[in-house]
**Student:** 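One structure coming up, written as structure tokens, with questions to follow.
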Amino acid sequence: MALPRTIAIDGPASSGKSSVSFAVAQDLHYLFVDTGAFYRGVTLAAIRAELTNAHEAALVALAEHCTLDITPDLDTDGRQYTLLLDSEDVTWEIRQPSVESHVSRIAAVGGVREVLNRKYRTLAEHGCVIMVGRDIGTVVLPNADLKIYLDASVEARATRRSLQRVAAGEQADYDEILAAMRQRDALDSQRAVAPLTQAADAHYLDTSHLDVDGVIKAIKQLIVA
């Protein structure tokens, strides 16, 4: 049975996109591409250059100047990929709260998205790719062989993010995380450029009451259908 060569998986923050897509990719030998990591990489570069509040032209120039690469190289620290920013491993640094607080604004810049979209499409040309983000099925890969939209209640997603931080040995204030996630959802869904939305031909999957194994099973059933 021929499997889809390109799979687009979209959904809001902490809907389970990355963890389950990584597991499916490992099992079915696909390349896992977390596009959010690229936006976080540019955001980290902007923080370092003190450009988080800069005009669009400066941020686009920064995105073009940055060398970003995502590899399937794993380590013993639980990573799902390795993200390189100008050859530096920043896989965990891009997950820091400082990056989280700025990434929505950077990701809303149309020129930055255009720069990164070109990188994503180049990766997808090789086939056997599971690409995860917020506008993959609608903008980046509108002709993807399979599109899936993962969703979950904002409360369930805030709980997941809290548990992730605790597991990483970090402070986790549920109410603060919930408020930040609601703000992130609003920014992602209301932005003028490539807003978060379900593609018309995407399969909808609510993960609120599913564990990781349950979501993995559901996705694999769609892939091999």
Side-chain angles (χ1 to χ4, degrees), residues 3-43 68-74 78-84 90-92 94-95 99-100 103-104 106-107 112-113 116-152 156-157 160-161 164 181 184-185 188-189 194-199 201-207 210 212 214-223:
L3 299 181
R5 286 176 50 80
T6 52
I7 301 173
I9 300 184
D10 294 304
S14 291
S15 56
K17 302 187 304 294
S18 296
S19 56
V20 299
S21 297
F22 169 73
V24 172
Q26 289 289 99
D27 190 37
L28 299 181
H29 306 292
Y30 278 73
L31 173 65
F32 169 62
V33 178
D34 180 2
T35 60
F38 284 73
Y39 288 109
R40 290 173 179 271
V42 173
T43 301
L68 288 163
D69 192 19
I70 194 167
T71 78
D73 299 329
L74 305 181
R79 67 180 61 199
Q80 299 169 340
Y81 51 79
T82 292
L83 185 80
L84 301 174
V90 295
T91 307
W92 291 118
I94 62 171
R95 295 293 172 183
V99 174
E100 183 81 22
V103 66
S104 284
I106 305 298
V112 171
R113 302 191 73 84
L116 295 185
N117 284 348
R118 291 197 293 270
K119 296 180 183 291
Y120 305 148
R121 290 170 184 141
T122 297
L123 288 170
E125 288 175 359
H126 300 290
C128 292
V129 168
I130 295 180
M131 192 168 291
V132 177
R134 286 171 172 74
D135 65 341
I136 310 304
T138 54
V139 176
V140 181
L141 301 177
N143 296 316
D145 297 326
L146 175 65
K147 301 177 186 178
I148 301 172
Y149 189 89
L150 292 187
D151 201 2
R157 291 185 284 121
R160 291 172 184 170
R161 180 60 57 84
Q164 288 171 353
M181 195 159 287
R184 177 74 185 271
D185 286 352
D188 287 344
S189 60
L196 168 65
T197 186
Q198 179 184 347
D201 54 348
H203 297 269
Y204 180 84
L205 181 58
D206 188 336
T207 70
L210 293 175
V212 172
V215 182
I216 291 172
K217 180 179 179 181
I219 290 177
K220 289 174 70 174
Q221 287 176 338
L222 291 172
I223 292 174

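Counting from 1, the numbers follow the sequence of the chain as shown.
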**Student:** Are D34 and R95 close enough, and set up right, to give a salt bridge (charged side-chain N to carboxylate O under 4.0 Å, His left out), and what steps lead you there?
**Tutor:** CA-CA 13 Å; D34 180 2; R95 295 293 172 183; 3.0 Å; yes
**Student:** Could you tell me whether the side chain of L31 reaches within less than 4.5 Å of the side chain of I70, counting heavy atoms only?
**Tutor:** no
**Student:** Determine whether a donor-acceptor pair (N or O, by modelled atom type, separation under 3.5 Å) exists between the side chain of Y120 and the backbone of T35.
**Tutor:** yes
**Student:** Give the minimum heavy-atom separation between R118 and T122, together with the two atoms involved.
**Tutor:** O-OG1, 3.0 Å
**Student:** Just jot down the side chain to side chain donor-acceptor pair (under 3.5 Å) partners of K17, sequence neighbours excluded, or say none.
**Tutor:** none
**Student:** With side chains defined as the heavy atoms from C-beta onward, is the minimum distance between I219 and I148 less than 4.5 Å?
**Tutor:** yes
**Student:** Any luck finding a side-chain donor-acceptor pair between S14 and R160 under 3.5 Å?
**Tutor:** no
**Student:** If I compare all heavy atoms of D206 with all of A152, which pair ends up nearest, and what's the gap?
**Tutor:** OD1-CA, 3.8 Å
**Student:** Does the side chain to side chain contact (heavy atoms under 4.5 Å, CB included) test come out yes or no for V24 and F32, once each step is laid out?
**Tutor:** CA-CA 9 Å; V24 172; F32 169 62; over 6 Å; no
**Student:** Looking at CG of L3 and CG of L146, how far apart are the two atoms once the value is rounded to the nearest 0.5 Å?
**Tutor:** 10.0 Å
**Student:** For the CE atom of M181 and the CG atom of D185, what is their distance to the nearest 0.5 Å?
**Tutor:** 7.0 Å
**Student:** Between atom NZ of K217 and atom CG of L222, what is the distance when rounded to the nearest 0.5 Å?
**Tutor:** 12.5 Å
**Student:** So, the side chain of S15 versus the backbone of P12: is there a donor-acceptor pair under 3.5 Å, distance only?
**Tutor:** yes
**Student:** Identify the two heavy atoms, one from T71 and one from D69, that lie closest to each other, and give their separation to 0.1 Å.
**Tutor:** CG2-OD2, 3.8 Å
**Student:** Report the residue from I106, V103, V99 that forms a side-chain contact (heavy atoms from CB on, under 4.5 Å) with V42.
**Tutor:** I106
**Student:** For residues 124-136, tabulate all N or O donor-acceptor pairs below 3.5 Å that involve a side-chain atom, not counting sequence neighbours.
**Tutor:**
from : atom 1 : to   : atom 2 : distance (Å)
R134 : NE     : D188 : OD2    : 2.8
D135 : OD1    : R113 : NH2    : 3.2
D135 : OD2    : R113 : NH2    : 2.9

**Student:** Is any NZ, NE, NH1 or NH2 atom of the basic residue among E100 and R40 found under 4.0 Å from an Asp or Glu carboxylate oxygen of the other?
**Tutor:** yes
**Student:** If I compare all heavy atoms of R161 with all of A13, which pair ends up nearest, and what's the gap?
**Tutor:** NH2-CB, 4.1 Å
**Student:** Using side chain to side chain donor-acceptor pair (under 3.5 Å) as the criterion, list what pairs up with D145, not counting sequence neighbours.
**Tutor:** none
**Student:** Are any of the side-chain heavy atoms of I223 and L28 separated by less than 4.5 Å?
**Tutor:** yes
**Student:** Roughly how far, to the nearest 0.5 Å, is OH of Y39 from CG of L68?
**Tutor:** 11.5 Å
**Student:** Going by the rule ring pair (Phe, Tyr, Trp, His ring centres under 6.0 Å), which residues pair with Y81 if we only count those two or more places apart in sequence or in a different chain?
**Tutor:** none
**Student:** Might you work through the side chain to side chain contact (heavy atoms under 4.5 Å, CB included) test for I9 and I7, ending with a clear yes or no?
**Tutor:** CA-CA 7 Å; I9 300 184; I7 301 173; 4.0 Å; yes
**Student:** How close do G16 and V20 get, heavy atom to heavy atom, and via which atoms?
**Tutor:** O-CG2, 2.8 Å
**Student:** Has T91 got a side-chain atom pairing as donor or acceptor with L83's backbone, closer than 3.5 angstrom?
**Tutor:** yes
**Student:** Going by the rule side chain to side chain donor-acceptor pair (under 3.5 Å), which residues pair with T197 if we only count those two or more places apart in sequence or in a different chain?
**Tutor:** none
**Student:** For P195 and S189, which heavy atoms make the closest approach, and how far apart are they?
**Tutor:** CB-O, 3.4 Å
**Student:** Let me confirm one number: the CD1-CG distance from I216 to L210, rounded to the nearest 0.5 Å.
**Tutor:** 11.0 Å
**Student:** Residues two or more places apart in sequence or in another chain: which of them pass side chain to side chain donor-acceptor pair (under 3.5 Å) with K220?
**Tutor:** D27
**Student:** Below 4.5 Å, heavy atoms only, C-beta onward: do Y149 and H203 meet side chain to side chain?
**Tutor:** no
**Student:** What's the separation between atom OG1 in T82 and atom CH2 in W92, rounded to the nearest 0.5 Å?
**Tutor:** 10.0 Å
